[in-house]
Amino acid sequence: MSDDTVRPLRIAMIATGGIAESALGPAIRRADGAELWSVLSRDAERARDFAARHGAASPEPAHDDIDALLADPELDAVVIASADGLHAEQCIAAARAGKHVLCEKPMATSAADAERMAAVGRDTGVRLGLAYHMRWHRGHRSLAHAAHAGRFGTLRHMRAQWTMRAPDDSTWRAHSEVGRWWSLAAVGTHCLDQVRWYMLPSCGEVVRLTPVITRNVFGGPHDESALLALEFEFGATAEICTSVLFDAPRRMEVYGSEGYALFDDTLGRYGAGRIVTHEGEHAFEVADPYTGEIEDFVAAVREHRDPEVNGEEGARNVALLEQAVS
């Protein structure tokens, strides 16, 4: 991309599934400094339809071949929203073509692939970010800053619970062709990112992970329910509960030596919910977190810095997911 700071960052959408349709496509359209430029799908007609509905600006916006999409000299960046097992090769191809990358979570289906992605990002000099949109929930963000500033004292424990009830195992996440985890990939990776975001600055790295994984209802290869217990370097702990077997309140809890925060129904797509701390109700602005992550990605490219979650942190998340099911 040139040094021109006037025109928007031209972004291609790789894949046109549910998250691209309902969240990422609209977010690019809303985000300051971003423009949907082109679209890749295995189905050329689907690419054309998505491009038309979301206002892709390229004279030739629809592609069913990634090499053709990446060959466009007017394209600056890609958002990868494909199945998890496709991320590595698509990311590496984009980076080698000089395109900045914002990749949906989890980064890859193996720690080795995630490390390859991070390495090619470093080697090519492109900006590589991971799309953990929950970092852009305004309430989560303000209290993460408060936690890092010591408002809760020394952090001692966190808990995150995010579940849903799947009607069957027809989703690709339940099978091994292009996925490796089910509940952990759908929502557990977000919980893990939240825990690490809040706790790493003062608690040190994760030094022990103890998993309990069940696969009994559908009997497939991937986790249906998962409980992860984490120990951090300086003695803090965390627990994560994810499942595709039952509906339950989505909840996050932060406990420190001098205070706490309870997050009810804040985990999700919409930047909403309710937060109470030891000081009382915590007010925050409800705003689309996907727009926030796109705007951070644009700013990272403009400012020659890492996005909010860089390749190294994305790879560490994958390494812990891998440890949970190894």
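Both backbone and side-chain heavy atoms feed into the values below; hydrogens, waters and symmetry mates do not.
Taking CD of Glu303 as the reference point, atom CZ of Arg305 lies at 4.5 Å (rounded to 0.5 Å). Going from atom OG1 of Thr189 over to atom CG of Asn317 covers 3.5 Å, rounded to the nearest 0.5 Å. Atom SG of residue Cys203 and atom CD of residue Glu233 lie 10.0 Å apart, to the nearest 0.5 angstrom. The line from CD1 of Ile213 to NE2 of His222 is 11.5 Å long, rounded to the nearest 0.5 Å. Separation of atoms CG (Leu102) and CD (Glu308) is listed at 11.5 Å; rounding is to 0.5 Å. To the nearest 0.5 angstrom, Asp193 atom CG is 4.0 Å from Arg135 atom CZ.
A salt bridge does not link Asp264 to Arg250: none of the charged nitrogens lies less than 4.0 Å from a carboxylate oxygen. Ion pair Asp76/Lys99 not flagged as a salt bridge, since none of the NZ, NE, NH1 or NH2 atoms sits closer than 4.0 Å to an Asp/Glu carboxylate oxygen. Salt-bridge formation is detected for the pair Glu322/Arg180: a Lys NZ or Arg NE/NH1/NH2 atom is positioned less than 4.0 Å from an Asp or Glu carboxylate oxygen. In this structure, Glu313 does not pair ionically with Arg316, as no charged nitrogen and carboxylate oxygen lie closer than 4.0 Å. Salt-bridge annotation for Arg30 and Glu295: absent, with no side-chain N of the basic residue lying under 4.0 Å from a carboxylate O of the acidic one. The pair Glu35-Arg7 fails the salt-bridge criterion, with no side-chain N (NZ, NE, NH1 or NH2) lying under 4.0 Å from an Asp/Glu carboxylate O.
Listed by first then second residue, pairs satisfying salt bridge (Lys or Arg N to Asp or Glu O under 4.0 Å) with a partner in residues 221-230 number zero, not counting sequence neighbours. Counting only residues at least two apart or on different chains, the side chain to side chain donor-acceptor pair (under 3.5 Å) pairs with a member in residues 101-114 are Asp113-Arg116. Residue pairs meeting the side chain to side chain donor-acceptor pair (under 3.5 Å) criterion with at least one partner in residues 117-127, sequence neighbours excluded, are Arg122-Glu312. Here ring-ring contact (aromatic ring centres under 6.0 Å, His included) pairs that include residues 104-133, with residues two or more places apart or in two chains, are Tyr132-His190, His133-His190, His133-Tyr290. The side chain to side chain donor-acceptor pair (under 3.5 Å) contacts involving residues 57-72 comprise Trp37-Asp72, where partners must be two or more places apart or lie in separate chains.
By the 4.5 Å heavy-atom criterion applied to side chains, Leu128 and Phe297 are not counted as neighbours. Looking at Ile275 and Thr266, their side chains come closer than 4.5 Å, going by heavy atoms from C-beta outward. Within the 4.5 Å cutoff, no side-chain heavy atoms of Glu231 are placed close to those of Val206. Contact check for Thr163 versus Leu245: no side-chain heavy atoms found under the 4.5 Å cut-off. The shortest side-chain heavy-atom distance between His175 and Asp169 falls under the 4.5 Å cut-off. With a 4.5 Å cut-off on side-chain heavy atoms, Leu320 and Arg196 count as touching. Using a 4.5 Å heavy-atom threshold, the side chains of Phe263 and His140 count as touching. Trp136 has its side chain within reach of Asp296: a pair of non-hydrogen atoms, C-beta onward, lies under 4.5 Å apart.
The hydrophobic cluster containing Val309 does not contain Val126, counting ILVMFWY residues as joined when their side-chain heavy atoms lie under 4.5 angstrom apart, directly or transitively. Cluster annotation: Leu262 and Met134 are assigned to distinct hydrophobic clusters (Ile/Leu/Val/Met/Phe/Trp/Tyr, side-chain heavy-atom contacts under 4.5 Å, transitive). Cluster annotation: Trp197 is connected to Met199 through the hydrophobic network of ILVMFWY side chains, with a link wherever side-chain heavy atoms come within less than 4.5 Å. Under the 4.5 Å side-chain heavy-atom criterion for grouping Ile, Leu, Val, Met, Phe, Trp and Tyr, Leu227 is not connected to Met164 through any hydrophobic cluster. A continuous path of Ile, Leu, Val, Met, Phe, Trp and Tyr side chains, each step under 4.5 Å between heavy atoms, connects Leu36 with Ile19, placing both in one hydrophobic cluster.
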- [ ] List the steps, then state whether side chain to side chain contact (heavy atoms under 4.5 Å, CB included) holds for Met13 with Leu40.
- [x] CA-CA 6 Å; Met13 181 69 69; Leu40 177 73; over 6 Å; no
Open item on the list: Pair Arg302, Leu9 - check side chain to side chain contact (heavy atoms under 4.5 Å, CB included), show working.
Closed with: CA-CA 9 Å; Arg302 301 294 193 202; Leu9 189 76; 4.3 Å; yes
Open item on the list: Would Asp32 and Val298 count as a side chain to side chain contact (heavy atoms under 4.5 Å, CB included) here? Give the steps.
Closed with: CA-CA 8 Å; Asp32 289 340; Val298 171; over 6 Å; no
TODO: Go through the steps to decide whether Val254 and Leu155 satisfy the test side chain to side chain contact (heavy atoms under 4.5 Å, CB included), and finish with yes or no.
DONE: CA-CA 8 Å; Val254 178; Leu155 293 188; 3.8 Å; yes
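The hydrophobic side chain of Phe234 is isolated, with no ILVMFWY side chain under 4.5 Å apart from it. Applying the under-4.5 Å side-chain rule to Ile, Leu, Val, Met, Phe, Trp and Tyr, the cluster around Trp172 extends to Leu86, Val178.
Side-chain polar atoms of Ser183 and Thr242 form a donor-acceptor pair below 3.5 angstrom. At a cut-off of 3.5 Å, with distance as the only test, a side-chain donor of Ser170 or Asp168 sits close to an acceptor on the other residue. Side-chain contact, His157 with Thr237: a donor N or O sits under 3.5 Å from an acceptor N or O. Donor-acceptor pairing under 3.5 Å is recorded for the side chains of Gln161 and Arg159. Between the side chains of His148 and Ser202, no donor N or O sits under 3.5 Å from an acceptor N or O.
With sequence neighbours excluded, no residue forms a side-chain contact (heavy atoms from CB on, under 4.5 Å) with Arg29. Residues passing the ring-ring contact (aromatic ring centres under 6.0 Å, His included) test with His54 are Phe50, sequence neighbours excluded. Checked against ring-ring contact (aromatic ring centres under 6.0 Å, His included), Phe152 has the following partners two or more places apart in sequence or in another chain: His278. Considering only residues two or more places apart in sequence or on other chains, Phe284 meets the ring-ring contact (aromatic ring centres under 6.0 Å, His included) condition with His137. With sequence neighbours left out, the ring-ring contact (aromatic ring centres under 6.0 Å, His included) criterion links Phe218 to Trp182.
In Arg269, the CZ atom is crowded: over 12 heavy atoms of neighbouring residues, nucleotides or ligands sit closer than 6.0 Å.
Nearest heavy atom pair, residue Ile294 against residue Ala27, reads CG1-CB, 4.0 Å.
Side-chain N or O atoms of Thr154 include none that pairs as donor or acceptor with a backbone N or O of Ser257 at under 3.5 Å. A donor-acceptor pair is defined here as one N or O able to donate and one able to accept, closer than 3.5 Å; no such pair exists between the side chain of Arg48 and the backbone of Ala62. The backbone N or O of Cys103 sits nowhere less than 3.5 Å from a side-chain atom of His87 that would complete a donor-acceptor pair.
For the pair Arg173 and Trp181, the NZ or CZ position fails the cation-pi test of under 6.0 Å to the six-membered ring centre and within 45 degrees of the ring normal.
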